[in-house]
There are 2 protein chains.
Amino acid sequence: MDKRKKQIRSFEVAELANISRSTVSRALSGDPRISDDTRARVEAAAATLGYQPNLIARGLKNQTTGIVGVVVTDLDNAYHAHALQLLIEKLGAKRLAPLVFVGNTAEGAENAIARLMSYQVDAVIALAAPFSSEIVAACRAGKKPLVLMNRHDGPEDVSLVYGDSLRAGAMVADHLIEQGATSFAFFAGDDTTSISADRERGFTDRIYEKGFQMVGRAASRYLHAEALRVAPGLLASGAQAIFCANDTLAFALVDATRSAEITTTPLIVGYDNSALAAWPAYSLTSVDQNLGEMTSVTVDIAQTMVTGASNKARRVIIEPFLAARRSTQGQARK
Amino acid sequence: MDKRKKQIRSFEVAELANISRSTVSRALSGDPRISDDTRARVEAAAATLGYQPNLIARGLKNQTTGIVGVVVTDLDNAYHAHALQLLIEKLGAKRLAPLVFVGNTAEGAENAIARLMSYQVDAVIALAAPFSSEIVAACRAGKKPLVLMNRHDGPEDVSLVYGDSLRAGAMVADHLIEQGATSFAFFAGDDTTSISADRERGFTDRIYEKGFQMVGRAASRYLHAEALRVAPGLLASGAQAIFCANDTLAFALVDATRSAEITTTPLIVGYDNSALAAWPAYSLTSVDQNLGEMTSVTVDIAQTMVTGASNKARRVIIEPFLAARRSTQGQARK
DNA sequence: TCCGGTTGTGCACACGTGTGAACAATGCAT
DNA sequence: ATGCATTGTTCACACGTGTGCACAACCGGA
């Protein structure tokens, strides 16, 4: 209807303060050449009019928008959803705005990246994106800094932030050996990234190093239903302790132990320490990747690149820790 | 380093095609006044150069950015996370870009909205935002259309999309009565929105209408740990069937029945039909709000307002349905 | 009075795009 | 040959902002 009621611009502020538009800009940006009383007058005028600068126009002029593209896949996975939340919160705290795209479908991914670049984002954060090669190419073409979360391989010019999967695998092995287990198995995921493979390698290397044997292995996509079908075969291996590449797999495995008729329940360890792991229904021992620190470091890197303080790609490894719960207390679970 | 390698603009395309810049713009936007062969030439040039229009500049000129602000709270709640994922996907399918803000902290909320408006979003979608009054005020001041998801009250000029909680409550009551229950209880949430209250009213009204009695009631925030502390008191009421305002509450209630020493486990119904409800560990009967349709309608409304096809606020009620599982099969659970 | 320095402000341009209006070219009828 | 409609293209401006440069005002010293 009366949509033509104009948005208030810096011009209106200048008019009210009896001053030129450029002085308004300088006063609000803290230019030292502006006298204190005119600055006060400008600020008063801006406040009464409720002036908010148009960040689109500013972005066009300054060639920097304050927008960070975030590419994420599979938000059904609680771990990714939590990471996204932390990213959004921490970007917001640094006055960066996240433009989020979900790239599940392969065709949508290509498209999403193109649109993301069209919006002149200052940086791109990709979270567990399987199609990262296109992203890398697009960011390189557009000269945009790129941070990959949860991947440990990539070209020289992209930043990497990821958990120390090898060390985590070793930690889990030590913990299970301490609890008295002597035969072991691994429940793998189907990552296109090699995250699952690293967890497995760190685990098995330590097992062998300590003189024990791996007696079973299975793999499944990170879907509860599918993992549930695969689980009985893994349980049949008779392993006393099973390390799962992911909490979802671990929950399915626990569910399988309940429905199947087995004499002894193995010790079970998951990965991601999702909220559900702490619930009494599972009380699952799980590796915590320290997502809080991981996301903090990620946005720090992104911001550093944006402000131009440095454009050197960095790679940071985050140390995980183990949240031990009932699922690895051999005696308590008879 | 060599960051001064210029981004290719429409000017470069025009240069390559031996044509003026405005003709490039018209050719790509499908203006019928452009001859077919020049259009083909322009498209070829754009393709070889990999031209992607600068949406920031376009947004400034057209006064419409294609960006939709999404405000969400509490992404830890799997239900919200899932809704956000669907919103992002469906906005993407309509070529709208979601700028996401999390407004958990009250101080951050005010700030987030201001920045959101500064980015000249075309519309705002608020998902279960408790601080909606500020959002309404900001959108009204900025003349931006606003869609509230999962709220059934609001001013005349904002659109509302929400599930029919009263009907869902009645459906649950009918289902439990069918299963043979004769005494009932309700486990309430602490919504600032009145969603939980509606679910309760629809439920109890039907219970009374059928001549039965409510014998218990408890309330908790939507946190597993807190709900777990409250649950035993509710179980002590001896109700044969308990309807929970939320799956999280229901899961806690189920956990409580396991740890406590009770002779008969009540029938339990949750709300949201989260992924976990289908897992065998709980197999929880739950109300499905039909999030797919809800989010579709929401982005449809947003898009309609953006394209200017209509600026009349709409309110749409989504019909829920019941996913019945083992938790309400009286005989199977002895 | 003139000059040079300091301090505060305004003019005009640029960012990359879309679009109304003007204009060149062509065909057709008078 | 001239007027007129049609078709394809270009010119010039606007969107709202930041900023280099010029410039006004003022002061102190010669």
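FYI, side chains are in, hydrogens and waters are out, and symmetry mates aren't considered; it's all heavy atoms of this structure. Throughout, a chain's letter reflects where its sequence line sits, starting with A, and its residues are numbered from 1.
Residue R58(B) has a polar side-chain atom (N or O) positioned under 4.0 Å from OP1 or OP2 of dG18(C). For dG16(D), the OP1/OP2 oxygens have a side-chain nitrogen or oxygen of Q63(B) closer than 4.0 Å. In terms of phosphate contacts, S10(B) brings no side-chain nitrogen or oxygen within less than 4.0 Å of OP1 or OP2 of dG16(C). Side-chain N/O atoms of T23(A) include none lying less than 4.0 angstrom from OP1 or OP2 on dT9(C). Within the 4.0 Å cut-off from OP1 or OP2 of dG16(C), not a single side-chain nitrogen or oxygen of Y51(B) is found. Between T38(B) and dT9(D) there is a side-chain polar atom (N or O) within less than 4.0 angstrom of OP1 or OP2.
The distance between atom CD1 of I8(B) and atom C1' of dC15(C), rounded to the nearest whole Å, is 16 Å. I34(B) has its CD1 atom 18 Å from the P atom of dT6(D), to the nearest Å. If you take CG of L28(B) and P of dG18(C), they are 8 Å apart, rounded to a whole angstrom. Taking atom NZ of K61(A) as the reference point, atom P of dA14(D) lies 18 Å away to the nearest angstrom. Between the P atom of dG16(C) and the CD atom of Q52(B) lies a distance of 16 Å, rounded to the nearest Å. In this structure, N54(B) places its CG atom 13 Å from C1' of dC15(D), rounding to the nearest Å. The CZ-P distance, from F11(B) to dA14(C), rounds to 13 Å in whole Å. In this structure, CZ of R9(A) is placed 7 Å from P of dC15(D), rounded to the nearest angstrom.
Looking at heavy-atom distances under 4.0 Å, I56(A) makes no contact with the nucleic acid at all. Contact annotation for L55(A): no contact, since no heavy-atom pair falls under 4.0 Å across all strands. Residue contacts for S35(A): at a heavy-atom cut-off of 4.0 Å it reaches the sugar-phosphate backbone alone, with no base atom in range.
Among the nucleotides dT17(C), dC11(C), dA21(C), the one closest to any side-chain atom of A57(B) is dT17(C). Residue R26(A) has its side chain nearest to dC21(D) when only dC21(D), dG16(D), dC11(D) are considered. Checking dG10(C), dT19(C), dA14(C) against every side-chain atom of S25(B), the shortest atom distance belongs to dT19(C). Picking from dT9(D), dG16(D), dG18(C) the nucleotide with the shortest atom distance to the side chain of R33(B) gives dT9(D). Of the candidate nucleotides dC13(D), dT9(C), dT17(D), dC13(D) has the atom lying nearest to any side-chain atom of R21(B). The side chain of I19(A) approaches dT9(C) more closely than any other nucleotide in the set dT17(D), dT9(C), dA21(C).
P98(B) and L91(B) make their closest contact through CB-CD1, 3.9 Å (heavy atoms, listed as atom of the first residue, atom of the second, distance).
Between L60(A) and N18(B), the one whose closest nucleotide on DNA chain D sits nearer the 5' end is N18(B).
A donor-acceptor pair under 3.5 Å is absent between the side-chain atoms of N150(B) and the main chain of Y162(B), judged by distance alone. A donor-acceptor contact shorter than 3.5 Å is absent between the side chain of N62(B) and the backbone of T64(B). Side-chain atoms of K144(B) come within 3.5 Å of backbone N or O of V121(B) as a donor-acceptor pair. A distance-only check finds a donor-acceptor pair linking the side chain of S159(B) to the backbone of R314(B) [under 3.5 Å].
Residue S20(B) places no side-chain atom within donor-acceptor reach of the base of dC11(D), judged by atom type and a 3.5 Å distance cut-off alone.
Within the 4.5 Å cutoff, the side chain of Q303(B) has no heavy atoms near those of the V299(B) side chain. Residues Q120(A) and Q7(B) are in side-chain contact: their nearest non-hydrogen atoms beyond the backbone lie under 4.5 Å apart.
Judged by distance alone, the side chains of S35(B) and T38(B) do bring a donor and an acceptor atom under 3.5 Å apart.
Scanning residues 39-50 of chain A for heavy-atom distances under 4.0 Å to DNA chain C yields an empty list.
Among residues at least two apart or in separate chains, salt bridge (Lys or Arg N to Asp or Glu O under 4.0 Å) pairs with a member in residues 292-304 of chain B are K94(B)-D300(B).
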